[in-house]
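The structure under discussion appears below in the form of structure tokens.
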Amino acid sequence: MLKNNPVMKKLVETGEERIGKLAQQLLSNEKFVAAVQTLVARSLAAKGTMDSTLRTALSAMNLPSTADLEQLRSKVDDLERLLASVEGKVDTLVAAKTQSKK
């Protein structure tokens with residue numbers, strides 16, 4: 001109902017236009033872009049520090065980290081593939097053995 005309202009359409013268009021202009025002005029401002037880049041760089045550095053500290057804390061409590069769990073998951077997946085391969089070979093040998101007894 002509001003989508004078809006001409007006043008609402010005009011308000012939305014005007015809002016989109018003004019936001020677009022504001023975004024363009026901000027992105028053309030070198031100080032703003034530099035501040036955003038600095039903020040992103042510091043955020044990534046803080047995340048790295050937090051991840052490292054968290055791994056150390058988990059290790060001190062003898063708990064696995066996410067990386068440890070991913071490594072374990074990878075090993076389990078490898079073992080499942082190997083087991084499936086061995087299972088297939090055993091099935092083939094059993095089938096051949098029963099075939100040769102007939």
Side-chain angles (χ1 to χ4, degrees):
M1 183 172 184
L2 289 175
K3 291 180 181 180
N4 297 330
N5 187 329
V7 175
M8 283 302 294
K9 283 185 179 180
K10 184 65 177 168
L11 282 173
V12 169
E13 288 173 9
T14 304
E16 288 175 349
E17 185 179 312
R18 287 186 180 179
I19 288 174
K21 285 180 183 178
L22 177 63
Q24 190 176 20
Q25 287 174 347
L26 286 173
L27 292 175
S28 65
N29 184 329
E30 290 180 26
K31 287 182 180 180
F32 176 78
V33 172
V36 169
Q37 288 174 340
T38 301
L39 179 64
V40 169
R42 287 182 181 172
S43 296
L44 291 174
K47 183 187 180 307
T49 302
M50 185 187 75
D51 288 345
S52 175
T53 304
L54 184 57
R55 278 193 302 274
T56 302
L58 288 172
S59 176
M61 292 184 286
N62 201 24
L63 295 171
S65 68
T66 304
D68 294 335
L69 293 176
E70 288 299 321
Q71 187 178 18
L72 183 59
R73 167 58 67 194
S74 176
K75 287 180 180 181
V76 168
D77 289 344
D78 290 344
L79 285 173
E80 285 178 346
R81 282 191 291 276
L82 179 62
L83 183 59
S85 173
V86 168
E87 206 173 10
K89 290 177 182 177
V90 167
D91 288 345
T92 303
L93 288 173
V94 168
K97 188 126 180 153
T98 52
Q99 200 67 309
S100 67
K101 287 186 176 182
K102 289 182 179 180

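If you read the sequence from its start, that first residue is 1, and numbering goes on from there.
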TODO: Decide, yes or no, whether a salt bridge links Lys9 with Glu13 under the criterion of side-chain N to carboxylate O below 4.0 Å.
DONE: no

Open item on the list: For Asp78, is there an ion pair with Lys75 - N to carboxylate O distance below 4.0 angstrom?
Closed with: no

Task: Verify same cluster id: Phe32, Val40 (apolar side-chain graph, 4.5 Å) - done: yes

- [ ] Indicate, with yes or no, if Leu54 and Leu69 share a hydrophobic cluster defined by side-chain heavy-atom contacts under 4.5 Å among Ile, Leu, Val, Met, Phe, Trp and Tyr.
- [x] no

Open item on the list: If you define the side chain from C-beta out and look only at heavy atoms, does anything of Leu22 sit under 4.5 Å from Arg18?
Closed with: no

Task: Heavy-atom side-chain proximity of Ser43 to Lys47 below 4.5 angstrom - done: no

Measure the spacing between [atom1] of [X] and [atom2] of [Y] and express it to the nearest 0.5 Å.
X	Y	atom1	atom2	value
Asp51	Thr66	CG	OG1	8.5 Å
Glu80	Glu87	CD	CD	11.0 Å
Gln24	Ile19	CD	CD1	14.0 Å

Using only atom types and a distance under 3.5 Å, with no angle test, would you say the side chain of [X] pairs donor to acceptor with the backbone of [Y]?
X	Y	result
Thr98	Val94	yes
Thr49	Ala45	yes
Asp68	Ser65	yes

Open item on the list: Restricting to non-hydrogen atoms, name the atom on Leu27 and the atom on Val33 that form the minimum distance, rounded to 0.1 Å.
Closed with: O-CG2, 3.4 Å

Open item on the list: Pairing donors with acceptors under 3.5 angstrom, does anything connect the side chains of Ser74 and Asp77?
Closed with: no

